[in-house]
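Worksheet: the structure to be examined is printed underneath.
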Amino acid sequence: MFEKEQQLIEGKIKAYCVANDIALAELKWQPIPFSGEWGTSTSFFQTAANEARAGKGDKVPVPQRAQEIAEQVRAEIGSVGGVSHIEAVKGYINVYYKTSDYAQRVVDEVLASRTDFGRGDSKNERVMVEYAQPNTHHSFHIGHYRNTILGEVLARLTEFAGFDTIRASYPGDIGLGVITVMWAYDKFYRGQEPEGIHERGQWLLKLYVEATQLLEKKDGETPEQAAKREAHDAERREMYQKWDAGDEYVRELWKTTREWSLEELRDVLDMIDVKMDVWFYESDVDEPSKSIVEELIEKNIADDERPEGGAVIVKIDEKLGLTKEKYRTNVILRRDGTTLYLTKDLALAKEKFEKYQVDRSIYVVDVRQSLHLQQAFAILKLWGFPQAEKCYHLGYGFVSLPEGAMSARRGRVVLFKNVYDEAIKRVLAVESERSGNIPEAERESIAKQIGLGALAYSMLAVDNNKDIVFDMNEALSFDGRTGPYIQNAHVRANSILKKSQVEGQTPELGPATFDFELTKHEVELIEHISRFPNAVQQAANEYRPLVMAAYAYDLANTFHSFYHAVPVLQSEDENIRNARLRLVSASKQVIANALRLLDIQAPDVM
RNA sequence: GCCCCUGUAGCUCAAUGGAUAGAGCGCCAGCCUUCUAAGCUGUCGGUUGUGGGUUCGAAUCCCGCCAGGGGCGCCA
């Protein structure tokens, strides 16, 4: 925002140092921590330290010498347009901007750009974010939700930051787990089908639990029980073989039940406003991945141990020439010729690189699969894909329950849909208590926005590499550092604007200047707003939704304080009233932009 | 055995080499005839697991140790 002024000052500092034989170290500018006003600062510690190391400076302590330089430089700079004053403190030089200029620039820019405020310039680079990879024939649980919201927000961030972004889902639609459900369905429930997308999807999970009970070896089982269990297992294996061979009946059964799961998944994604660009299915890459195995053997990357009754493996460390074990060795084809997760991931990566021309490939996957993905990336490198360098595993800690890990086998899972329903129920209860002014018809829709806002934020406000113990009361809390807190700031801003009869009535907010004495609340609000574009870039570059989550809260917090302390509509001076209205409008816009990046709705009333 | 992650206020978490380590929850005390109290203001609360090292400066980087979690050739 003040790049020109900063550059001018930097130039003067450099000139002064050259003239006075001071070996200036690189200048790093950063905002001044606390201020009733705002500005930017840089320090001279590094320069002083360099001098001390070179034996200059007569053994003056570094902080003292840094302060000396800061004072000398300060005297030299003189006055700069747009800058109110410059001070030398504790080895830092603080440049304070002229309040009115700064405020005006920030607010005007937001109001000119609106929904595009904070959008980065195009980076001419294509990013694919792969997330939402639940298995079919299960049901979408709260762990899948964490994955999906993280991936979606990351995609929104990279897109807004200037990357060409592709969203990709990769459901696991085949495997022993899938066959297990099909077997149970075919044997015990053939022809049945519950009403309702979610009921039907969740029913498949129940079948899985039931089937697992029947197929699991139990302590002290009688020979008859054991025989029965083994017979069941044989049926299941037979079904898998039939699927593999393309048996018409089994394939049809698979397609039908698979579609039930995918319908449920699509509906969940729709509920949380996620629109996928590309759908990859595990079953689609099964065949292509087999030819990849042959290619890797030919290229002497993979070793074929099948002649000795083994599998096809890749000795990754050895092929990379590493002496210490890092990636180890892994199997890419079973001895029976069937593929593995790793095999399919290689085929998928090839398609991403060749068909979709992605420059960066981000995998939002549980941190427990870290070694596995590192192995995949290493093999891609051996294979000759330069993009392997830009494959990135965004790992996240797993979501467990207060009573322990979630376990689909034991039926101990918290389903997303149940949390969603509970969230709406709780918000509606609060609404009936506090929001008497909202028409009955609108309440349901707002309850969805608030409930999902609480849930999304509870996931996003924790660093992705930390595990989460899912607690319904915490996840659906509406007080304090939560989604609804941020949404409420948006609502309050809207409330002022609505009452001012500015928005909606006239297209333009009244003109205003900020050359009156601003309160510290206004100053802080403006500063936070001005930081938004940087927060977008940082969050996207570091692949960290948390950065944006933290930013959104801080902005809302600043707005709430402003709202409480500074009258807007009651301002007697017309210029001040207009200036504050412009500030409120800008605040509302930036809060909305931040919430949008977090996949959280910004309601006008709540 | 090897590798990865985590350890910060009573609890849940921020702070990725800079100024006095910050929020929320909880506790306590204030604030609604005044733009929505899902809010605001204030109080209390810290040897950043531990011992060294690097640096002008370390929660942050390096090494050791302790504690918890996860992973390691035919599951995904």
Side-chain angles (χ1 to χ4, degrees), chain A residues 28 30 32-34 41 43 45-46 48-53 61-66 89-92 94 133 135 172 175-177 282 305 310-315 324-336 338-345 365-372 374-375 395 397-398 400 427 430-431 433-435 437 450 454 458 461-463 465-469 471 474 477-485 487-489 491-500 542 544 546 549-550 553-554 557 560-570 580 584 605-606:
Chain A
K28 286 178 282 189
Q30 58 189 44
I32 303 168
F34 166 76
S41 71
S43 71
F45 294 114
Q46 195 59 58
N50 290 348
E51 281 186 356
R53 209 168 292 136
V62 167
Q64 192 183 325
R65 174 63 184 145
V89 176
K90 295 180 186 172
Y92 288 81
N94 294 335
Q133 318 95 328
N135 289 337
L176 195 60
E282 213 178 317
E305 295 183 341
V312 180
I313 62 170
V314 181
K315 294 174 180 168
K324 279 168 71 179
E325 71 169 9
K326 184 170 180 187
Y327 300 107
R328 303 172 191 243
T329 296
N330 210 347
V331 176
I332 57 170
L333 197 70
R334 290 190 186 93
R335 70 175 69 193
D336 67 3
T338 55
T339 64
L340 290 123
Y341 178 59
L342 179 59
T343 330
K344 293 169 200 163
D345 243 334
V365 180
D366 188 326
V367 72
R368 284 173 293 191
Q369 293 177 28
S370 178
L371 175 62
H372 217 92
Q374 294 312 313
Q375 290 177 328
F398 59 90
S400 63
V427 180
V430 175
E431 278 186 349
E433 199 177 292
R434 307 183 199 181
S435 315
N437 52 333
I450 307 298
S458 75
V462 180
D463 200 279
N465 57 16
K466 277 200 170 152
D467 293 342
I468 289 181
V469 176
D471 179 284
E474 274 177 35
S477 165
F478 308 139
D479 302 322
R481 200 171 187 279
T482 63
Y485 175 95
Q487 291 171 313
N488 189 38
V491 165
R492 286 177 137 185
N494 180 64
S495 184
I496 294 174
L497 295 170
K498 203 166 55 184
K499 219 159 228 188
S500 77
E542 296 177 6
R544 289 181 65 208
L546 170 67
Y553 173 77
D554 288 343
N557 182 24
H560 276 302
S561 295
F562 161 84
Y563 176 91
H564 179 80
V566 183
V568 177
L569 300 175
Q570 286 91 340
R580 286 180 177 160
V584 170
V605 289
M606 67 188 272

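Order of the sequence lines fixes the chain letters, A, B, ..., with proteins taken first and strands second; residue numbering starts at 1 for each chain.
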Report which part of the nucleic acid Arg544(A) touches: base, sugar-phosphate, or nothing (heavy-atom distance under 4.0 Å, all strands).
base
Contact class for Arg492(A) (heavy atom, under 4.0 Å): base, sugar-phosphate, or nothing?
sugar-phosphate
Using the P atom on both, measure A14(B) against G24(B) and round to a whole Å.
16 Å
Pairwise C1' distance, G68(B) and U50(B) [rounded to whole Å]
15 Å
Under 4.0 angstrom, heavy atoms only, what part of the nucleic acid is Glu542(A) near: base, sugar-phosphate, or nothing?
nothing
P atoms of C13(B) and G18(B), separation to the nearest Å
24 Å
Heavy atoms only, 4.0 Å cut-off, all strands: where does Tyr563(A) land among base, sugar-phosphate and nothing?
base
Regarding Ile450(A), tell me which of base, sugar-phosphate or nothing describes its non-hydrogen contacts under 4.0 Å with the strands shown.
base
Closest non-hydrogen atom pair between Asp467(A) and Gly397(A), with its separation:
OD1-CA, 3.1 Å
Show the nearest heavy-atom pair for residues Phe562(A) and Val568(A), with the distance to one decimal.
CZ-CG2, 4.0 Å
Between C40(B), A76(B), C35(B), spot the one nearest the side chain of His560(A), thanks.
C40(B)
Measure the distance between the ring centre of Phe45(A) and the centre of the six-membered base ring of G18(B), then answer whether it is under 5.5 Å with planes under 30°.
yes
Assuming nearest nucleotide by heavy-atom distance, tell me which of Val566(A) and Ala550(A) is located more 5' along RNA chain B.
Ala550(A)
Is any side-chain N or O of Lys466(A) closer than 4.0 Å to OP1 or OP2 of A14(B)?
yes
Please tell me if Tyr485(A) has a side-chain N or O lying less than 4.0 Å from either OP1 or OP2 of C40(B).
yes
Asn330(A) atom CG is separated from C74(B) atom C1', nearest whole Å, by 8 Å
Can you tell which of G73(B), G39(B), C74(B) lies closest to the side chain of Ile313(A)?
G73(B)
Look at the side chain of Glu474(A) and the base of C25(B), then say whether one donor and one acceptor between them are separated by less than 3.5 Å.
no
With a 4.0 Å cut-off on heavy atoms, is Val584(A) in touch with a base, just the backbone sugar-phosphate, or nothing at all?
nothing
Can you check whether Arg334(A) has a side-chain N or O nearer than 4.0 Å to OP1 or OP2 of G73(B)?
no
Report the nucleotide, chosen from A38(B), U20(B), G39(B), that has the shortest atom-to-atom distance to any side-chain atom of Lys90(A).
U20(B)
Classify Ser561(A) by what it touches in the nucleic acid, base, sugar-phosphate, or nothing, heavy-atom distance under 4.0 Å.
sugar-phosphate
With pairs taken as Watson-Crick or G-U wobble and both distances under 3.5 angstrom, which stems of at least three consecutive pairs involve RNA chain B?
B:1-7 with B:66-72, B:10-13 with B:22-25, B:28-31 with B:39-42, B:49-53 with B:61-65
Between C11(B) atom C1' and Arg481(A) atom CZ, what is the distance in whole Å?
15 Å
Among C56(B), A76(B), A38(B), the one nearest Tyr341(A) by side-chain distance:
A76(B)
Please classify the nucleic acid contact of Glu433(A) as base, sugar-phosphate, or nothing, using heavy-atom distances under 4.0 Å.
nothing
Report yes if the ring of Phe398(A) lies under 5.5 Å from the six-membered base ring of G70(B) with planes under 30°, and no otherwise.
no
Touch check for Gln46(A), heavy atoms < 4.0 angstrom, all strands: base, sugar-phosphate only, or nothing?
base
Do Asn557(A) and Tyr485(A) come within less than 4.5 Å of each other through their side chains, counting heavy atoms only?
yes
Just jot down the salt bridge (Lys or Arg N to Asp or Glu O under 4.0 Å) partners of Asp554(A), sequence neighbours excluded, or say none.
none
Please measure how far the C1' atom in A29(B) lies from the corresponding atom in C35(B), and state the result in whole Å.
27 Å
Relative to each other, are the rings of His372(A) and Tyr341(A) parallel, tilted or perpendicular (30° and 60° limits)?
tilted
Could you report the tightest heavy-atom contact between Val331(A) and Ala311(A), atom names first, then the distance?
CG1-CB, 3.7 Å
Pair Asp336(A) + Arg334(A), salt bridge at N-O below 4.0 Å:
no
Give Asp366(A) one of three labels, base, sugar-phosphate or nothing, depending on what nucleic acid heavy atoms sit under 4.0 Å from its own.
nothing
Of the candidates C56(B), A38(B), C40(B), the side chain of Asn557(A) sits closest to C40(B)
Is the glycosidic angle of G39(B) within 90° of 0, making it syn, or outside that range, making it anti?
anti
Assigned glycosidic conformation for C5(B) [threshold 90° from 0]:
anti
Do Val584(A) and Leu497(A) come within less than 4.5 Å of each other through their side chains, counting heavy atoms only?
yes
Non-hydrogen side-chain atoms of Glu474(A) and Val469(A) separated by less than 4.5 Å:
no
Could you measure between the two P atoms, the one in U8(B) and the one in C3(B), and give it in whole Å?
24 Å
Output the single nucleotide from A14(B), C35(B), G71(B) whose closest atom is nearest the side chain of Arg328(A).
G71(B)
Hey, does Val367(A) reach any base, or is it just sugar-phosphate, or nothing, if we go heavy atoms under 4.0 Å?
nothing
Quick one: the side chain of Arg65(A) and the base of C56(B), do they pair up donor-acceptor inside 3.5 Å?
no
Remember a base hit wins even if backbone is also touched, and classify Asn50(A) as base, sugar-phosphate or nothing at under 4.0 Å, heavy atoms.
nothing
Select base, sugar-phosphate, or nothing to describe what Asp467(A) touches, counting heavy atoms under 4.0 Å on all strands.
sugar-phosphate
With a 4.5 Å limit on heavy-atom distance, are the side chains of Ile332(A) and Ile313(A) in contact?
no
Integer angstrom distance from the C1' of C32(B) to that of U41(B)
14 Å
Side-chain-base donor-acceptor pair under 3.5 Å for Ser41(A) and A19(B)
yes
Please tell me which of His372(A) and Glu325(A) maps to the more 5' nucleotide of RNA chain B, matching each residue to the nucleotide holding its nearest heavy atom.
Glu325(A)
Applying salt bridge (Lys or Arg N to Asp or Glu O under 4.0 Å), can you list everything that pairs with Glu542(A), at least two apart in sequence or on another chain?
Arg544(A)
Using atom C1' in both nucleotides, what's the gap between C61(B) and A67(B) to the nearest angstrom?
23 Å
Does A38(B) have OP1 or OP2 sitting under 4.0 Å from an N or O in the side chain of Arg434(A)?
yes
When the P atoms of G49(B) and U60(B) are compared, how many Å lie between them, rounded to an integer?
8 Å
Heavy-atom closest pair, residues Glu282(A) and Lys344(A):
OE2-NZ, 3.1 Å
With respect to the phosphate group of U6(B), does any side-chain polar atom (N or O) of Asn465(A) fall under 4.0 Å of OP1 or OP2?
yes
For Asp471(A), which contact category applies under a 4.0 Å heavy-atom criterion: base, sugar-phosphate, or nothing?
nothing
